[in-house]
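This is a predicted model, so every value here is computed, not measured. Any value given below was found using the heavy atoms of this structure, including those in side chains, with hydrogens, waters and symmetry copies removed. A, B, ... follow the sequence lines: proteins, then strands. Residue 1 opens every chain.
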2 protein chains.
Amino acid sequence: MATIKDVAKAAGVSIASVSAVLNGSGRVGEGARGRIANAIEAVGYAPNTIARSLRLGHSHLIGMVVGDITNPFSGALVRTVEKVAIANGFSVIVSNADGDETRVPEIIDQLRGQHVAGIILNPMSRSDALVKQIESRPLPPVVTMDQKLPGLACDYVGIDNRAAIRMLVEYLVRLGHTRIALLSGRVGRWTADERYEGFVAAMADAGLVVDPSLVARAGYEGESGYEAAGAMMTRQDRPSAIVAANNIIALGALQSCLDLGFQCPADISLAGMDDVPWSGLVRPKLSIVGQPIADMGELAISWLLERIRAPDGAIAPRERIFRPFFAAGDSCRDIRPASPPSPPPPSSRPLSPRPISSRRRAMAQ
Amino acid sequence: MATIKDVAKAAGVSIASVSAVLNGSGRVGEGARGRIANAIEAVGYAPNTIARSLRLGHSHLIGMVVGDITNPFSGALVRTVEKVAIANGFSVIVSNADGDETRVPEIIDQLRGQHVAGIILNPMSRSDALVKQIESRPLPPVVTMDQKLPGLACDYVGIDNRAAIRMLVEYLVRLGHTRIALLSGRVGRWTADERYEGFVAAMADAGLVVDPSLVARAGYEGESGYEAAGAMMTRQDRPSAIVAANNIIALGALQSCLDLGFQCPADISLAGMDDVPWSGLVRPKLSIVGQPIADMGELAISWLLERIRAPDGAIAPRERIFRPFFAAGDSCRDIRPASPPSPPPPSSRPLSPRPISSRRRAMAQ
DNA sequence: CTGTTAGCGCTTTCAA
DNA sequence: TTGAAAGCGCTAACAG
C-alpha cells in the first residue's frame with residue numbers, strides 16, 4: 001500500500017507538501033502541485049484514513065443503529081443518511097439491532113471502540129442497561145430517532161406517534177367503527193408504547209371502550225401481526241376494524257385475514273402506520289399514516305454533522321417532531337347505517353393513484 | 001477519552017503490561033493483572049481501535065458495496081452479512097452505489113482508504129475505470145457477488161442468471177405464450193446483460209423470435225419498468241407476456257398495466273426475478289424466480305473471513321453458483337387453445353400460500 | 001513557499 | 001515478569 005512517503009519520493013518533495021495538497025491548503029506552488037498530483041496517480045495512493053483519524057482524534061465514520069434493517073423503513077433511512085454523509089466525506093457503519101433492544105448497549109460500545117465521529121441512534125427502548133451505559137461513558141455527538149433519550153445532550157428527530165395513531169382511530173370512527181383492535185409492538189419498545197397510549201386516548205376521546213382482549217402487544221414483526229390478527233378474527237366477537245402500529249404488522253394482519261377467508265374491507269377494515277414501497281400494489285390498498293422518512297433522515301444527519309463540527313457543548317439539544325401524513329386507501333369500509341358514501345380524509349395530503357415507482361421514491365429519497 | 005496510558009498510571013504499571021493484559025498474552029503477573037483490570041473499569045477505558053488498526057496495518061471493518069440499498073434484496077443481504085460479521089468481531093460499512101455503476105471505483109478507493117479488512121463487492125459492471133483500478137491498486141481480500149471479476153484473485157458467489165430467465169421463459173412458453181417481452185436493466189450492467197442473453201437463448205430454443213421492440217434495457221428501477229411496460233402495452237401488437245429482470249421492474253410493470261386498465265393475468269401475463277417480502281400480498285401474486293439470498297450472503301461473508309485470516313494468496317479463487325428457484329403465482333395465464341387447466345411448475349419448490357412473515361423470513365434470513 | 005519534526009494510541013521487539 | 005522505546009501514516013506546528 002502506497003503511503004504519503006511514496007508519493008513524496010515520487011514527486012521529489014516532502015511529505016508535508018503532499019499533505020498540504022491533499023488537504024487543500026494552498027501553500028504549495030504550481031509546479032510541485034502538479035508533480036504531486038501525478039505521483040498520487042502513479043503510485044495509486046489512497047490516504048490512510050486510519051492514520052489521519054488517529055492524528056485528528058476522530059474518524060470520519062458515522063455509526064447508525066437501526067431497529068431492523070429488513071424493514072423498508074430502515075432501508076430508506078440508511079439511504080438518505082448515507083447519501084448526505086458521503087457528500088460530506090463521511091462513511092456510515094450500519095448496525096442492526098435486529099428487533100432486539102437489549103443489543104443496543106453493546107452496539108454502542110462497539111461504535112465507541114471504532115471512535116465514530118457521531119451516532120444516529122434509534123434507542124428502541126429505555127432499558128436500564130442503556131441508560132446506565134450512557135450515564136457512565138463518554139459518547140460522541142448523538143442524534144436520536146424514534147425515541148428521545150432524556151438526560152443526554154443530543155438532538156432528537158421523530159414524529160408524534162400518538163397523533164399518528166389518533167388520525168387512524170378518528171378515521172375509523174368517522175366510518176362508523178366502534179369495535180377497533182390494536183396490534184402494536186412489544187411492551188417497553190418506545191414507539192409501540194406511544195402508539196398504544198395514543199390509541200387508548202383517541203378511543204376514550206371518541207367515547208369508545210378499549211377491549212383489552214383486542215389489544216395485542218406482540219412485536220413489530222410480520223409473524224406477530226399475522227398471529228395476533230388471526231387470534232382476533234377467529235373469535236366470536238371479532239373487531240370490525242384493526243389498527244396496526246407499523247407497516248409490517250399491517251401486512252401480516254392483512255395476510256392473516258385473507259388466509260382465513262375474510263374479505264378486506266368487506267369483513268374487516270385495516271389501517272396501519274408507515275408506508276411501504278409497493279403499497280400501491282397491495283390489494284386492497286392500505287389506508288395508512290406515514291412518516292416523511294427522507295426529511296427526517298436528512299435532518300438527522302445534518303444535525304449530526306453540525307454537532308460533529310461544532311466545539312463541544314456549543315449546540316443546545318434540539319428536537320423536531322415531524323407531522324405524520326394520512327393517505328387513504330381502500331382497506332377501510334364505511335359501516336355507518338345510512339350515510340354518504342365516503343368521508344373526507346382527516347389530512348390534506350391526497351393519495352391519488354400513482355405508480356409505485358414514484359411512491360417508492362417519495363418514501364426513499 | 002481514557003487511553004492505555006491512563007490505565008497504566010492508575011494501575012501503577014507500564015503501558016506494555018496493560019497491552020499484554022488486553023491482548024491476553026499471559027506474561028503479566030497475578031497482582032498486576034488484577035490492578036490493571038480494576039484500573040480499566042475505574043477509568044472507563046475502551047481500546048482505541050483506530051490506533052490499534054494503524055499499528056496492526058488492518059482494521060476490523062468489512063466494506064460492503066451494494067447496488068441499491070433500497071432494494072429489499074440488498075437489505076436482506078446486508079442483514080445476513082452483518083450478522084455473521086459481528087459474530088466474528090467485525091463491523092460492516094455499507095456503501096450504496098445507488099444504481100450507478102460508475103460510482104463503484106470511487107467507493108472502492110474510499111474503502112481502501114479505510115483499510116477495510118475485506119470487501120464484499122457487487123461490481124455491477126465491468127467498466128474500464130473499475131478494471132483499471134483493480135489492476136493497478138492493491139486490494140484487500142474480496143468476494144464478488146452477482147458478477148465475476150476476471151483476473152482478480154477473489155471468490156465469487158452468484159446465481160446462474162441465464163438459467164433463471166430461462167425458467168421464466170420456458171414457463172411462459174409452456175402456457176402457450178409466443179409474444180414475450182423482456183424488461184431488463186441497462187446495457188453494461190452485468191446481470192442485466194446476462195439476463196438479456198438468457199432470454200434470447202431461451203426464446204431461440206423455444207423456436208420463438210425476439211421482437212427487438214419488445215426488449216427494453218431501461219434500468220433496474222421501478223420507473224423504468226413502469227414506463228417500458230406502459231409503452232409496450234399501448235401498442236397495437238402488444239405482448240401477451242412480460243418477463244421482468246428484477247423485482248422492482250416487475251412491480252413497476254404491474255402497476256403500469258393496472259393503471260392502463262389491463263387485467264393481470266387476463267390481459268397480460270407477468271413473470272419476474274427475485275422475491276419481494278410482501279409478494280404474498282401483491283395481487284395478483286407474481287410468478288417469480290428467486291435467489292437464495294440468505295445462503296448466498298452467508299457463504300460470501302464466510303469466504304471473506306477465511307480469506308482475511310489466511311496468509312496472502314493461500315486460498316485459490318473459489319466460486320459458487322447457486323440454483324435459482326421457481327415460485328408460481330397467479331400472474332400468468334394459460335392461453336393455449338385447448339389444454340389442461342394448469343401446467344406443473346418447472347421446479348420442485350412449492351409455493352403454498354404462506355403468511356408474508358414466513359415468506360419474508362425465507363428471504364431475509 | 002518548503003522541509004523537519006513531534007506526536008495521536010497502540011503493539012511489539014528488545015533489554016533489564 | 002516487567003519497562004523503555006520504536007514506529008504504523010498522517011497533520012500541524014515550527015523553522016528555514
Notebook entry, point to check: Atom NZ of Lys9(A) to atom C1' of dG3(C): distance rounded to whole Å?
Noted result: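 So the two atoms are 16 Å apart, to the nearest Å.
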Note to self: Tell me whether Glu306(A) is salt-bridged to Arg318(A), with the criterion being a basic N under 4.0 Å from an acidic carboxylate O.
What the structure shows: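 Salt bridge between Glu306(A) and Arg318(A), a charged N being under 4.0 Å from a carboxylate O: yes.
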Check: If you round to the nearest 0.5 Å, how far is SG of Cys154(B) from CD1 of Ile120(B)?
Finding: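 If we round to the nearest 0.5 Å, Ile120(B):CD1 and Cys154(B):SG are 11.5 Å apart.
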Using a distance-only test with no angle check, is there a side-chain donor-acceptor pair under 3.5 angstrom linking [X] and [Y]?
{"X": "Tyr220(B)", "Y": "Thr191(B)", "value": "yes"}
{"X": "Gln114(B)", "Y": "Ser91(A)", "value": "yes"}
{"X": "Arg33(B)", "Y": "Asn38(B)", "value": "no"}

Please enumerate all protein N or O atoms sitting under 3.5 Å from an N or O of nucleotides 3-5 of chain D, with distances to 0.1 Å.
unit_1: dG3(D); atom_1: OP2; unit_2: Ser14(B); atom_2: N; d: 2.9
unit_1: dG3(D); atom_1: OP2; unit_2: Ser14(B); atom_2: OG; d: 2.9
unit_1: dG3(D); atom_1: OP2; unit_2: Ser17(B); atom_2: OG; d: 3.0
unit_1: dG3(D); atom_1: N7; unit_2: Arg27(B); atom_2: NH2; d: 3.2
unit_1: dG3(D); atom_1: O6; unit_2: Arg27(B); atom_2: NH1; d: 3.3
unit_1: dG3(D); atom_1: O6; unit_2: Arg27(B); atom_2: NH2; d: 3.3

Next item on the list: Show your reasoning for whether side chain to side chain contact (heavy atoms under 4.5 Å, CB included) applies to Ile93(B) and Met64(B).
Entry: CA-CA 6 Å; Ile93(B) 297 184; Met64(B) 184 165 181; over 6 Å; no
Next item on the list: Spell out, as yes or no, whether a donor-acceptor pair under 3.5 Å connects the side chain of Gln147(B) to the backbone of Ser125(B).
Entry: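 Here the side-chain-to-backbone pair exists.
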Notebook entry, point to check: Are the side chain of Asn122(B) and the backbone N or O of Met124(B) linked by a donor-acceptor pair below 3.5 Å?
Noted result: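 Indeed, once roles are kept as given, a pair shorter than 3.5 Å links the two residues.
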What nitrogen or oxygen pairs link the protein and nucleotides 7-9 of chain D at under 3.5 Å?
unit_1: dG7(D); atom_1: N2; unit_2: Arg55(B); atom_2: NH1; d: 3.3
unit_1: dC8(D); atom_1: O2; unit_2: Arg55(B); atom_2: N; d: 3.4
unit_1: dG9(D); atom_1: N2; unit_2: Ala51(A); atom_2: O; d: 3.2

